Amino acid sequence: MVESFRCWWNGAIEEELCLISSVELPFFLYGASAFTTLRVYSGSLDHALTKWEMHCDRISQSLRTFDWPQPDWASIRQGCEQLKQTYPILRITVFPDGRELITGRTLPANLSQQQTQGVTLWRSDNPLHRRSQPQHKTGNYLGCWLAIQQAQKHSARDAILTNENGDWLETSTGNLWGYKDGHWWTPPLTTGILPGIQRAWFIQKLRALGHPVIERPWTLDLPPQFEALAYTNCVIECLPAHTVLMGKTKLKYDLNHPAVGMLRGLLATAYLES
């Protein structure tokens, strides 16, 4: 059974059913695709917080790395302009032959509550919970999907992924941030994490205001030292965590720490200025 929904496929809106014609496509066989997920602010792709150019650039860079053709970017823009009228969140997927699929969804129903009350995260040390091609957003997201399914069994919103040394890397859906010694800390890209667009945006904004961001590996001894903890992506913006589950151990963090308010303030200022 195939669920009906409205999407943009290969240059045209599909109003009733979006069904890719052949299951022999490499996407179905190998998860061969590059994608990005953006949140449309104030109904505009050109809003500063939508970060349109950054999303397109990330896909384009992945396609060059994979030696795949560039898609029809005008068609992608046209599809997003149409779908944004229905959905505040758009996922742009590009396939190895240059065709595009754009789908949409609504914001999580409890997002505002979680941004205020914080969330629980679950730390995984399972090797199955590691991303394929972590520097790129590809269709092979099985490791992340498995991780978040296990996190939910522990009543956590998301999972923290780790490497073979136990270092914290990122969550299954976003980049990690910790605050201590007057600075925000985030794992460096060299540890094999996704170069998140929201991560890059926060780093640029913080440094522009004279707040250094420390990019160092999160070895096992570092997370317990943080006063505040959060993770970011372009949909959730910034979610603070009040608890991290680590087996029988629970790490607790301050939801009301001024540093969390600092990140929220950057978003609010950018929204008002656009």
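Note that these values count all heavy atoms, side chains included, but never hydrogens, waters or copies made by symmetry. Just so you know, these numbers come straight off a predicted model, no measurement behind them.
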Do you know the tightest heavy-atom contact between [X] and [Y]?
{"X": "T37", "Y": "C234", "result": "O-CB, 3.9 Å"}
{"X": "I59", "Y": "V94", "result": "CG2-CG2, 3.9 Å"}
{"X": "P195", "Y": "P134", "result": "CD-O, 4.4 Å"}
{"X": "K137", "Y": "T36", "result": "CE-CA, 4.3 Å"}
{"X": "C7", "Y": "T103", "result": "CB-CG2, 4.0 Å"}
{"X": "N175", "Y": "I193", "result": "ND2-CD1, 3.9 Å"}

is_close_aromatic([X], [Y]), centroid dist under 6.0 Å:
{"X": "F226", "Y": "W168", "answer": "no"}
{"X": "W9", "Y": "F95", "answer": "yes"}
{"X": "Y141", "Y": "F35", "answer": "yes"}

Take a 6.0 Å sphere around [atom1] of [X] and say whether it holds more than 12 heavy atoms from other residues, nucleotides or ligands.
{"X": "E164", "atom1": "CD", "answer": "yes"}
{"X": "D67", "atom1": "CG", "answer": "no"}
{"X": "W73", "atom1": "CH2", "answer": "yes"}
{"X": "K252", "atom1": "NZ", "answer": "yes"}

Self-check item: Carboxylate-amine/guanidinium proximity below 4.0 Å for R131 and E170
Solution: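 Counted as a salt bridge, because a side-chain N and a carboxylate O are separated by less than 4.0 Å.
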
Quiz item: Hey, is E237 close enough to R39 for a salt bridge, meaning N to O under 4.0 Å?
Solution: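 Yes, charged N to carboxylate O under 4.0 Å.
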
Indicate, with yes or no, if [Y] and [X] share a hydrophobic cluster defined by side-chain heavy-atom contacts under 4.5 Å among Ile, Leu, Val, Met, Phe, Trp and Tyr.
{"X": "L239", "Y": "Y253", "result": "yes"}
{"X": "L229", "Y": "V260", "result": "no"}
{"X": "V244", "Y": "L176", "result": "yes"}
{"X": "L189", "Y": "L169", "result": "yes"}
{"X": "L209", "Y": "F202", "result": "yes"}

For the side chain of [X] and the backbone of [Y], is there at least one donor-acceptor N/O pair under 3.5 Å apart?
{"X": "W185", "Y": "K180", "answer": "yes"}
{"X": "R91", "Y": "L38", "answer": "no"}
{"X": "Q115", "Y": "I236", "answer": "yes"}
{"X": "D181", "Y": "H183", "answer": "no"}
{"X": "T191", "Y": "P188", "answer": "yes"}
{"X": "T50", "Y": "D46", "answer": "no"}
{"X": "D97", "Y": "R99", "answer": "yes"}
{"X": "K51", "Y": "L49", "answer": "yes"}
{"X": "R130", "Y": "G143", "answer": "no"}
{"X": "Q70", "Y": "S60", "answer": "yes"}

Quiz prompt | Sole candidate of Q114, R264, Q117 that passes side-chain contact (heavy atoms from CB on, under 4.5 Å) when paired with P240 | solution =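 Exactly one pass, corresponding to R264.
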
Kindly compute the distance separating [atom1] ([X]) from [atom2] ([Y]), expressed to the nearest 0.5 Å.
{"X": "D167", "Y": "N165", "atom1": "CG", "atom2": "CG", "result": "5.0 Å"}
{"X": "H242", "Y": "L251", "atom1": "NE2", "atom2": "CG", "result": "13.0 Å"}
{"X": "L267", "Y": "K205", "atom1": "CG", "atom2": "NZ", "result": "10.0 Å"}
{"X": "L45", "Y": "E53", "atom1": "CG", "atom2": "CD", "result": "11.5 Å"}
{"X": "S33", "Y": "E100", "atom1": "OG", "atom2": "CD", "result": "13.0 Å"}
{"X": "T116", "Y": "N256", "atom1": "OG1", "atom2": "CG", "result": "10.0 Å"}

Taking C-beta and beyond as the side chain, do [X] and [Y] meet within less than 4.5 Å on heavy atoms?
{"X": "H136", "Y": "F66", "result": "yes"}
{"X": "I76", "Y": "I92", "result": "yes"}
{"X": "W122", "Y": "K153", "result": "no"}
{"X": "L142", "Y": "L128", "result": "no"}
{"X": "P88", "Y": "V40", "result": "no"}

Quiz prompt | Evaluation steps, side-chain contact (heavy atoms from CB on, under 4.5 Å), between I197 and R58 | solution = CA-CA 8 Å; I197 289 174; R58 179 164 66 182; 3.7 Å; yes

Please determine, by modelled atom types, if [X] and [Y] share a side-chain donor-acceptor pair under 3.5 angstrom.
{"X": "Q150", "Y": "S124", "result": "no"}
{"X": "N140", "Y": "T138", "result": "no"}
{"X": "Q82", "Y": "W8", "result": "no"}

Practice problem: Walk me through it: do T162 and N126 pass the test side-chain contact (heavy atoms from CB on, under 4.5 Å)? | Solution: CA-CA 8 Å; T162 58; N126 190 332; over 6 Å; no

Quiz item: What do the steps show when you test C144 against T173 for side-chain contact (heavy atoms from CB on, under 4.5 Å), and what is the final call?
Solution: CA-CA 8 Å; C144 290; T173 61; over 6 Å; no

Quiz prompt | Stacked cation flag R77 on W52, 6.0 angstrom / 45 deg | solution =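 R77 over W52 ring: yes.
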
Self-check item: Stacked cation flag R105 on Y87, 6.0 angstrom / 45 deg
Solution: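 No, cation not above the ring by the 6.0 Å, 45° rule.
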
Quiz item: Testing R199, R157, Q198 for side chain to side chain donor-acceptor pair (under 3.5 Å) with Y231, which one passes?
Solution: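 Exactly one option meets the side chain to side chain donor-acceptor pair (under 3.5 Å) with Y231, and it is R157.
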
Exercise. Report the C-alpha separation of V213 and T186 in whole Å, then their side-chain angles, then the decisive distance to 0.1 Å, and conclude whether the side-chain contact (heavy atoms from CB on, under 4.5 Å) test is met.
Key: CA-CA 7 Å; V213 176; T186 189; 3.9 Å; yes

Practice problem: In sequence, state the C-alpha distance, the side-chain angles, and the governing distance for S172 and D158, and then conclude on side chain to side chain donor-acceptor pair (under 3.5 Å). | Solution: CA-CA 7 Å; S172 59; D158 208 338; 2.2 Å; yes

Quiz item: What is the ring orientation for H47 with Y271, classed by angle as parallel under 30°, tilted 30 to 60°, or perpendicular over 60°?
Solution: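 The arrangement is tilted - the two ring planes meet at 30° to 60°.
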
